Amino acid sequence: MIPLWDNIPRTRWPIITLALIAANSFVFFQEIAAPEATRDQFIMAFSMVPAHTTAFVTGAPVGFAGGILPLFTSMFLHGGWMHLIGNMWFLWIFGDNVEDRVGHIKYLFL
């Protein structure tokens, strides 16, 4: 069952939730607008490759950009329109309530 809305009222405007939706959409549109070769390089540079992350932990030379940075940048990559729409829909429905409960700054770090 797909939720269409929630019935929990919020007391603050969901600034961070809207900013995250805008950032995710912007990155997705940049991704699909890029030529295929550039898109492949973009995805390999910013997606999380488990072998690189574990290599960073074990001491292999993958560097910050290959081991730690993708833990954050991969959150903005989506595999297609339905993936983006589904994630942003759930972020809008549930994220505004979480942001309202914990506050803007804590929510951003969460």
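Just so it is clear, the model here is predicted, and its values are computed rather than measured.
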In short, Arg39 meets Ile32 closest at the heavy-atom pair NH2-O, 3.5 Å
Here the pair of heavy atoms bringing Thr73 nearest to Phe46 is OG1-O, 2.8 Å
Tightest non-hydrogen contact, residues Asp96 and Arg10, listed as OD2-NH1, 2.9 Å
Kindly say whether His104 contributes a backbone atom to a donor-acceptor pair with the side chain of Glu99 at under 3.5 angstrom?
-> no
Trp92 and Pro14 have their tightest heavy-atom pair at CZ3-CG, 3.8 Å
Check whether any side-chain heavy atom of Phe90 sits under 4.5 Å from a side-chain heavy atom of Ile85, and report yes or no.
no
The reported gap from CG in Asn7 to CG in Asn97 (rounded to nearest 0.5 angstrom) is 9.0 Å
Between the CZ atom in Arg101 and the CD1 atom in Ile8, the distance rounded to the nearest 0.5 Å is 11.0 Å
OG1 (Thr17) and CZ (Phe94) are apart, to the nearest 0.5 Å, by 12.5 Å
Arg12 meets the salt bridge (charged side-chain N to carboxylate O under 4.0 Å, His left out) criterion, sequence neighbours left out, with Asp100
* To do: Please answer: with hydrophobic residues joined when any side-chain heavy atoms are less than 4.5 Å apart, are Phe72 and Leu108 in the same cluster?
  => yes
* To do: Give a yes or no on this: more than 12 heavy atoms of other residues, nucleotides or ligands lie within 6.0 Å of atom CZ of Phe26.
  => no
On a heavy-atom basis, the closest approach of Phe29 and Trp81 is CE2-CH2, 3.1 Å
**Asked** Between the main-chain N or O of Ser47 and the side-chain N or O of Ser74, is there a donor-acceptor pair closer than 3.5 Å?
**Response** no
Report the C-alpha distance between Asn87 and His83 in whole Å, list the side-chain angles of each, state the deciding distance to 0.1 Å, and finish with yes or no for side-chain contact (heavy atoms from CB on, under 4.5 Å). CA-CA 6 Å; Asn87 282 2; His83 187 202; 3.3 Å; yes
Closest heavy-atom pair, Asn24 versus Phe76, reported as atoms and distance to 0.1 Å, is OD1-CA, 3.3 Å
One should read off an interatomic distance between Leu77 CG and Glu31 CD, to the nearest 0.5 angstrom, of 5.5 Å
### Query
Is there side-chain contact between Tyr107 and Leu20, with heavy atoms separated by less than 4.5 Å?
yes
Looking only at atom types and distance, does a side-chain atom of Ser25 sit under 3.5 Å from a main-chain N or O of Ile21, one as donor and one as acceptor? yes
